[in-house]
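Each remark here refers to the structure printed beneath this line.
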Amino acid sequence: MSPTLLVFGDSLCFHGPRGPMPADDPRLWPNLAAAAVGGRAELFAGFGWTARDAYWSLTGDPRVWAVLPDIDVLVLAVGGMDTLPSPLPTYLRQGIRYLRPDGLRRRVRSAYLAAQPHLARLTRGWPVVLPAAQTVRYLDDIVVAVRALRPTLPVVIALPGVHRAASYGYVHTARDTAVAAIEAWAEESGVPALDLRATIGDHVLGGHGNVDGLHWGWEGHALAGKALAELVAPLLDPRTNRVS
């Protein structure tokens with residue numbers, strides 16, 4: 001039987017050079033990685049998803065529960081959005097969508113988006129969407145919960161990548177702190193890590209991705225897919241291409 005990768009991700013998993021794509025688009029890096037090991041990916045992701053959103057998906061989405069018994073590798077492709085500047089607390093920023101009437105919501109959103117890059121530079125990237133300690137907490141909660149059900153299931157983590165996004169004032173101060181915390185947790189938890197900066201850093205910082213400076217072009221997806229496949233392949237039984 002072919003292996004199945006359960007991938008929790010943010011928009012980097014489904015956003016291409018011109019915009020978001022359906023989860024089954026074969027050019028997306030989770031699907032490229034799965035195809036390279038002869039399998040398929042089950043992607044659960046959303047715009048701006050953090051490690052906390054992935055945990056909420058695991059514990060609250062019955063579609064995840066349906067696929068969990070049959071997956072062969074769990075891929076945690078979250079944590080990068082956690083490191084982005086968030087001048088407004090997350091609950092206030094996300095609460096803009098609930099404002100009424102519609103005209104007020106549009107004006108508030110436009111004002112915040114216009115102010116965000118200036119505030120990000122002014123505050124030097126702090127506060128962030130989710131502090132590193134909380135990112136690690138939710139990653140650990142996911143792994144503990146999954147291993148309670150599937151003790152031998154391999155888990156891999158993608159470390160936060162990089163951006164050159166004008167919408168965030170080209171600021172990414174919190175990344176190094178988050179990477180160090182996630183790497184320490186991953187080593188302690190026995191979770192192999194994919195270094196996205198080493199994989200797609202030149203692609204993104206060289207301006208070869210989406211014009212927003214955050215998401216990737218298809219070349220970036222190909223690079224990340226290849227790197228993920230190389231990380232996942234040794235975790236599979238070569239006789240069946242599934243977890244032994």
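Bear in mind the structure is a predicted one, so any value in this text is a computation, not a measurement.
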Measuring from atom OG1 of T199 to atom CH2 of W29, what distance do you get when rounded to the nearest 0.5 angstrom? 8.5 Å
Point-to-point distance, once rounded to the nearest 0.5 Å, from NE2 of H163 to CZ of R197: 11.0 Å
hydrophobic_cluster_shared for L231 and L32, side chain cutoff 4.5 Å: no
For R27, does the CZ atom have more than 12 heavy-atom neighbours from other residues, nucleotides or ligands under 6.0 Å away? yes
Nearest heavy-atom pair of L28 and A23: which atoms, and what distance? CD1-O, 3.9 Å
Got L104 and R107 here, is their nearest side-chain heavy-atom distance under 4.5 Å? yes
Can you give me the closest heavy-atom contact between A54 and V78, atom names plus distance? CB-CG2, 4.0 Å
Flag yes if more than 12 heavy atoms outside D61 fall under 6.0 Å of its CG atom; otherwise flag no. yes
When rounded to the nearest 0.5 Å, the distance separating CG of L159 from CD of E183 is 5.0 Å
Report yes or no: do V179 and L76 belong to one cluster of Ile/Leu/Val/Met/Phe/Trp/Tyr joined by side chain heavy-atom distances under 4.5 Å? yes
Should V162 and R175 count as side-chain neighbours, where that means a heavy-atom distance under 4.5 Å? yes
Residues A77 and A158: closest non-hydrogen pair is CA-CB, 4.0 Å
Reported CD-to-CG distance for the pair E42 and L5, which is rounded to 0.5 angstrom: 10.0 Å
Nearest heavy atoms of G38 and S2, plus distance in Å: O-CB, 3.0 Å
L139 CG to W185 CH2 distance, which is reported to the nearest 0.5 Å: 5.0 Å
Worked check of side-chain contact (heavy atoms from CB on, under 4.5 Å) between L58 and F8: CA-CA 9 Å; L58 173 67; F8 288 115; 4.0 Å; yes
How about W126 and S86: do any of their side-chain heavy atoms sit closer than 4.5 Å? no
Walk me through whether L43 and C13 qualify under side-chain contact (heavy atoms from CB on, under 4.5 Å). CA-CA 8 Å; L43 176 61; C13 288; 3.9 Å; yes
How about L74 and V156: do any of their side-chain heavy atoms sit closer than 4.5 Å? no
Relative to each other, are the rings of H215 and H15 parallel, tilted or perpendicular (30° and 60° limits)? parallel
Would F47 and L84 show up in the same hydrophobic cluster when neighbours are defined by side-chain heavy atoms closer than 4.5 Å? yes
Cluster check L119, Y170: I/L/V/M/F/W/Y, side chain < 4.5 angstrom: no
The test is side-chain contact (heavy atoms from CB on, under 4.5 Å); show your working for R52 and R137 and say whether it passes. CA-CA 9 Å; R52 178 170 53 197; R137 170 202 163 184; over 6 Å; no
Separation of D53 CG from F44 CZ (nearest 0.5 Å): 14.5 Å
Under 3.5 Å, is there a donor on one side chain and an acceptor on the other for T135 and D82? yes
Distance alone, cut at 3.5 Å: any donor-acceptor contact between the side chains of R93 and T90? yes
Within a strict 4.5 Å, meaning less than it, do heavy atoms of the P85 and V128 side chains meet? no
Can a donor-acceptor pair be found, under 3.5 Å and without considering hydrogens, that links the side chain of D10 to the backbone of G48? no
Without swapping roles, check the side chain of Q116 against the backbone of S167 for a donor-acceptor pair under 3.5 Å. yes
L68 and L6, any side-chain heavy atoms less than 4.5 Å apart: yes
Taking R150 for its side chain and I71 for its backbone only, find out whether a donor-acceptor pair lies under 3.5 Å. yes
Counting N and O atoms only, with roles assigned by atom type, does the side chain of R147 sit under 3.5 Å from a partner on the main chain of V144, one being a donor and the other an acceptor? no
Hey, is the main chain of N31 close enough, under 3.5 Å, to the side chain of R40 for a donor-acceptor pair? no
Can you name the nearest heavy-atom pair linking A174 to T83, along with the distance? CB-O, 3.7 Å
CD/E187: more than 12 non-hydrogen atoms of other groups inside 6.0 Å: no
Check: I157 and L194 side chains under 4.5 Å, non-hydrogen atoms: no
Same hydrophobic cluster for L130 and V143, using side-chain heavy-atom links shorter than 4.5 Å among ILVMFWY? yes
Answer whether the closest heavy-atom distance between the side chains of Y168 and H172 falls below 4.5 Å. no
So F14 and D24, side-chain contact (heavy atoms from CB on, under 4.5 Å) or not? Walk me through it. CA-CA 9 Å; F14 62 83; D24 62 351; over 6 Å; no
Could you tell me whether R63 atom CZ has more than 12 heavy atoms of other residues or ligands within 6.0 Å of it? no
Between the main-chain N or O of I96 and the side-chain N or O of R109, is there a donor-acceptor pair closer than 3.5 Å? no
What is the minimum heavy-atom distance between A41 and V7, and which atoms define it? CB-CG2, 4.4 Å
If you count heavy atoms of other groups shown closer than 6.0 angstrom to CZ of R124, is the number above 12? no
Any chance the side chains of W216 and N210 put a donor and an acceptor closer than 3.5 Å? no
